[in-house]
2 protein chains.
Amino acid sequence: MATARSAQAAAEKRRLILDAAVRVFARQGFHTCRVSDIADEAGVAYGLVYHYFRSKDEVLDTLFLERWNVMLDAIREVDTQDITARRKLEAIAGFIVDSYRHDPDLMKVIIVEVTRAANSFGQTHLAKITEAYNLIGAVVEKAQESGEFRTDISPQFAAMAFYGAIEQVLTGWIFDSLPQSAGGFDEAKRLIVETICSGLDR
Amino acid sequence: MATARSAQAAAEKRRLILDAAVRVFARQGFHTCRVSDIADEAGVAYGLVYHYFRSKDEVLDTLFLERWNVMLDAIREVDTQDITARRKLEAIAGFIVDSYRHDPDLMKVIIVEVTRAANSFGQTHLAKITEAYNLIGAVVEKAQESGEFRTDISPQFAAMAFYGAIEQVLTGWIFDSLPQSAGGFDEAKRLIVETICSGLDR
DNA sequence: AGAGCGGTTGACTGACCAGTCAATCGCCAG
DNA sequence: CTGGCGATTGACTGGTCAGTCAACCGCTCT
């Protein structure tokens, strides 16, 4: 039992540090913050961060991979369902928007420090990030084959437009260049999918 | 004449440094490169960079503002023309895509280090960046009033989707997660506008 | 000729911070 | 009670650069 109990305690400490890191990264940014800021926020000693993680980078890598893998699984799961592509895109946009609603700090960190940070962590995780584009592209491709979507827009291209629109909206919320209106989140899902699927034309 | 000649020579050195900085920032990224890398690339002494610029940051600020102001002017100019909103969006997307075609390194730096770097330079230039969204939003808004565009998608929202789609495509090109196909650039303009205006639905 | 003045040079400094490590703590088993 | 081991601590080190500055260059004007 001793082993099990301490293993659990250790896992809790690790999580404590990860959660503190989310808050610190969201508040100060990855490059601007010091490892000591994370330790302070978590209420642990500086060195303990290095007991659980090899480096400052590994903390962010862990946060990103944890969440991104959940998202990739969610997209894959959506794609197995027997619904229209439009509904699939709604579910995907919904998942991402809900991720932000549920934990804005974490999504801020993932978007700002990884997904949009193409020169630093975006580079490291390019393959993982591209995987999401490809999964969305596959949804579009199948919809083209079934006749639901037009075939003169390449699936990869459509995926970029779709994902780009979502990320831009989240970024707008994160930095207050887009108002987070009352109906907000659910309205946003609808608008994104509506824009991409039906277009702005009347 | 002496004054005029040396002033011109000085301006040329300044430009030499700016152009070198574009190459270095594009290759290594702003945070990763050293000021000495810029000086070496420009073939001038380290200290000269500080004769023309107050700081490393100011070099990037200058590059961004130079180009971004040109773009804002271009968007404003497009909006004065008596053409459909769809044509206006085509012209705007065209301008941005052509900027990339003409000087990919500069666009890479602006997008990667400023526009998408929301925590560092994106923060500093948030107002300037938002200005672009607002100008695009105004184009959409007028199109809604004239009946060209549907009115149930907020103009600001549409602007984010439009700009987000463009930037995502450029980012895809920059980091090779989207193939730069043969027809490439002109095809891309068309697809972006087509997607946003008419949608993916058949 | 030579004074003056931008333009130009690059060695140096001061600050910062990621990561190390030796010492301590506290929990459990025997 | 005690030996041992993993968890925890935080002072310290080493390397990295942005930015400074005092000296130097070469052109022009008198």
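What you see is a predicted model, and the numbers here were worked out from it, not measured in a lab.
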Return the set of residues passing side chain to side chain donor-acceptor pair (under 3.5 Å) with [X] (not counting sequence neighbours), or none when no residue passes.
{"X": "E77(A)", "value": "Q81(A)"}
{"X": "Y133(B)", "value": "Q168(A)"}
{"X": "D152(A)", "value": "R150(A)"}
{"X": "D40(B)", "value": "none"}

Sequence neighbours left out, cut at 3.5 Å: what donor-acceptor pairs do the side chains of residues 21-30 of chain A make with other protein atoms?
from, atom 1, to, atom 2, distance (Å)
R23(A), NH1, E41(A), OE2, 2.5
R27(A), NH2, E41(A), OE1, 2.8
Q28(A), NE2, D37(A), OD2, 3.3

Check your understanding: Do any pairs count as a salt bridge (charged side-chain N to carboxylate O under 4.0 Å, His left out) and have a residue in residues 47-57 of chain B, sequence neighbours left out, and if so which ones?
Key ->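 Non-adjacent pairs meeting salt bridge (charged side-chain N to carboxylate O under 4.0 Å, His left out): R54(B)-E58(B).
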Quick test of your reading: applying salt bridge (charged side-chain N to carboxylate O under 4.0 Å, His left out), list the pairs with at least one residue in residues 158-169 of chain B, sequence neighbours left out, ordered by first then second residue.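 Sorted result for residues 158-169 of chain B: R116(A)-E167(B), R116(B)-E167(B).
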Between atom [atom1] in [X] and atom [atom2] in [N], what is the gap in whole Å?
{"X": "L48(A)", "N": "dC25(C)", "atom1": "CG", "atom2": "P", "value": "16 Å"}
{"X": "F53(A)", "N": "dA18(C)", "atom1": "CZ", "atom2": "P", "value": "15 Å"}
{"X": "D37(A)", "N": "dA18(C)", "atom1": "CG", "atom2": "C1'", "value": "13 Å"}

With 3.5 Å as the limit, what N/O pairs link the protein to nucleotides 22-24 of chain D?
none

Margin query: Can you see if the side chain of Y52(B) gets near the phosphate of dG7(C) - specifically, an N or O under 4.0 Å from OP1 or OP2?
Written below: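 Answer is no, no contact under 4.0 Å.
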Does a side-chain N or O from K13(A) land closer than 4.0 Å to OP1 or OP2 of dA7(D), or not?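 Answer no for this pair, as no side-chain N or O of K13(A) is under 4.0 Å from OP1 or OP2.
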Q.
Test your reading of the model: is there a side-chain donor-acceptor pair from E194(A) to the backbone of I153(B), 3.5 Å cut-off?
A.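 No; zero donor-acceptor contacts below 3.5 Å.
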Considering only residues two or more places apart or on different chains, which pairs with a residue in residues 79-118 of chain B satisfy ring-ring contact (aromatic ring centres under 6.0 Å, His included)?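 Non-adjacent pairs meeting ring-ring contact (aromatic ring centres under 6.0 Å, His included): Y100(B)-W173(B).
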Considering only distance and modelled atom types, tabulate donor-acceptor pairs under 3.5 Å from the side chains of residues 64-74 of chain B, sequence neighbours left out.
from, atom 1, to, atom 2, distance (Å)
E66(B), OE1, R15(B), NH2, 2.9
E66(B), OE2, R15(B), NH2, 2.5
R67(B), NH2, S99(B), OG, 2.8
W68(B), NE1, K128(B), O, 2.9
N69(B), OD1, K128(B), NZ, 2.8
N69(B), ND2, L65(B), O, 3.2
D73(B), OD1, R76(B), NH1, 3.0

With sugar-phosphate taken as primed atoms, P, OP1 and OP2 and all else as base, the protein-contact string of nucleotides 13-19 of chain D at under 4.0 Å (heavy atoms; B, S, -) is ----SBB
Review point. Do the rings of H125(B) and F121(B) sit parallel, tilted or perpendicular, given the 30° and 60° boundaries?
Key: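 Ring orientation of H125(B) relative to F121(B): parallel.
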For nucleotides 4-6 of chain D, tabulate all protein N/O to nucleotide N/O atom pairs closer than 3.5 Å, reporting atom names and distance.
none

